[in-house]
Amino acid sequence: MSSYVTRKTPGDTVWFKHDRFGMFIHWGLYAMPARHEWVKYQETMLDEKYDKYFKYFNPDMYDPREWARQAKAAGMKYVVLTAKHHEGFCMWDTQYTDYKCTNTPAGRDLVREYVDAFRAEGLKIGFYYSLLDWHHPDFTVDPCHPRWLDPDAQELNVGRDMTVYAQYMRDQVRELLTNYGKIDILWFDFSYTQDKRGPEWQRGKGKDDWEAEKLLALARELQPGIIIDNRTEIEQDLWTPEQYQPTEWVRHEETGELVTWEACQTFSGSWGYYRDETTWKSPEMLIRMLINTVSTGGNLLMNVGPTSRGYLDARAEKSLKVFADWMKYNSRSIYGCTMAEPEILKCLPADCRFTQSEDGKRLYVHLFAYPFGHLYLKGLAGKVDYAQFLHDGSELLYNEGGTQHIHEGVTKDEDLLVINLPPVKPDVIVPVIELFLK
Ligand code: GLC
């Protein structure tokens, strides 16, 4: 068994740490302006202007079964959809606001179809729920609100009552966790008490504003075992580094314990569909991100931003296909794997990443740069029972003790394991060597 023990949390993270790879979906009205999900804020849009999107939102090509098929093919095992993002628009038929998809030309409960489709493909189901709300009349204007720089911003806050909003959130979370069967993940976003950009009366918000304790208790009562992130500002199950890749296992800020973590990443620079954004990640970068994540004990939640018509555009499909092609042959180095044991990690050659199966029996060497002829693994001699390429299960011959390659000036090295590699890199973005350990 892996010797790494993570900090105990209230939810059931066993399946989560096994599955390693999920799909994030950012979808809402912001898919229409198609220039970032924060567009209302960035362009300080008034409600009247944003209402146009509500009026014309018509995802006539929405077919979540197609999304689910692609997610499954990519090797993703769970999914998290923005039920409500900061704009406040609800993607389900909530009874607590009219600002919902059923009142747009979409005319149906989009969350319901999503849940059914992904569940049918065997993926675990998650909801993202924004703690911010740029539409709710009781959410006070603060530095993360589109109206914060308005000359009359302070007046706008008169009569707004965050306790009403906190109750609204509980009502909605109750709906989401009651009406859609078993929900595996609840992804709240986000707290910003540290935000001091505004004047004194515009402070950032956090757990007290959300009445987070009550909100979390409700979620736990309705869906025991559910995994919840830490972004309400009260620690739960999940640390969620965003748009950067930790280079080591994430640790608890105070105790230093290892924690359950999930990096979330975009294919390009935005979460919501962004038509003119061009910083799409290369295939190599995508696969490396997944490997890097698992090699340091984490999960990867990879985001798609569907178009307002409800399909995944060609760039997103292509990126998913990159994962599908690689995972089809190499997923064994991802599922049920984690950071290699400390004494094994000492043997890590340059330009490689290890992952190791939870039971410790299999070690995976991911070749980020394909070496010529041989891979030298110092310290692994005597430990390996069999070696093969993972993608095609073809044997890789090896020598131990350095006897094969002794030339002038090279001394015999008892610890050295030398794997013979074909001169040409196999046609796999990142080839993986599977080592069965003794
Ligand atoms: C940020 C952004 C948001 C996005 C989220 C994903 O908090 O506000 O737009 O949904 O990150 O992690």
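When a ligand or atom number is given, it counts from 1 through the structure's own listing order. The analysis underlying the following values was restricted to heavy atoms, covering all of them including side chains, and did not include hydrogens, waters or symmetry mates.
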Minimum-distance protein heavy atom relative to [atom]:
| atom | value |
| --- | --- |
| atom 2 (C) of ligand 1 | Trp38 NE1, 3.5 Å |
| atom 5 (C) of ligand 1 | Asp189 OD2, 3.3 Å |
| atom 3 (C) of ligand 1 | His85 NE2, 3.5 Å |
| atom 9 (O) of ligand 1 | Glu37 OE2, 2.6 Å |
| atom 1 (C) of ligand 1 | Glu242 OE2, 3.1 Å |
| atom 4 (C) of ligand 1 | His26 NE2, 3.4 Å |

Within the 4.0 Å heavy-atom cut-off, what Arg231 brings close to ligand 1 is side chain

Within reach of ligand 1, part of Tyr30 (heavy-atom separation under 4.0 Å): neither

Give a yes/no on ligand 1: does Gln243 have at least one heavy atom closer than 4.0 angstrom to it? no

May I ask whether Tyr192 places a heavy atom under 4.0 Å from ligand 1? no

Quick one: does NZ or CZ of Arg332 land under 6.0 Å from the six-membered ring centre of Tyr364, within 45 degrees of the ring axis? no

Does the ring of Trp239 carry Arg7 above it, NZ/CZ under 6.0 angstrom from centre and within 45° of its axis? no

[X] to [Y] - nearest heavy-atom pair and separation:
| X | Y | result |
| --- | --- | --- |
| Glu121 | Ala68 | CG-CB, 3.6 Å |
| Thr296 | Met339 | CA-SD, 3.9 Å |
| Gly269 | Glu277 | N-OE2, 3.2 Å |

Do any N/O atoms on Tyr128 end up under 3.5 angstrom from N/O atoms on ligand 1? yes

Say whether, by atom type as modelled, one donor and one acceptor occur between the side chain of Lys49 and the main chain of Tyr53 under 3.5 angstrom. no

May I ask you to decide whether Lys40 forms a salt bridge with Asp47, counting only side-chain N to carboxylate O separations under 4.0 Å? yes

Roughly how far apart are Leu186 CG and Tyr128 OH, rounded to 0.5 Å? 11.5 Å

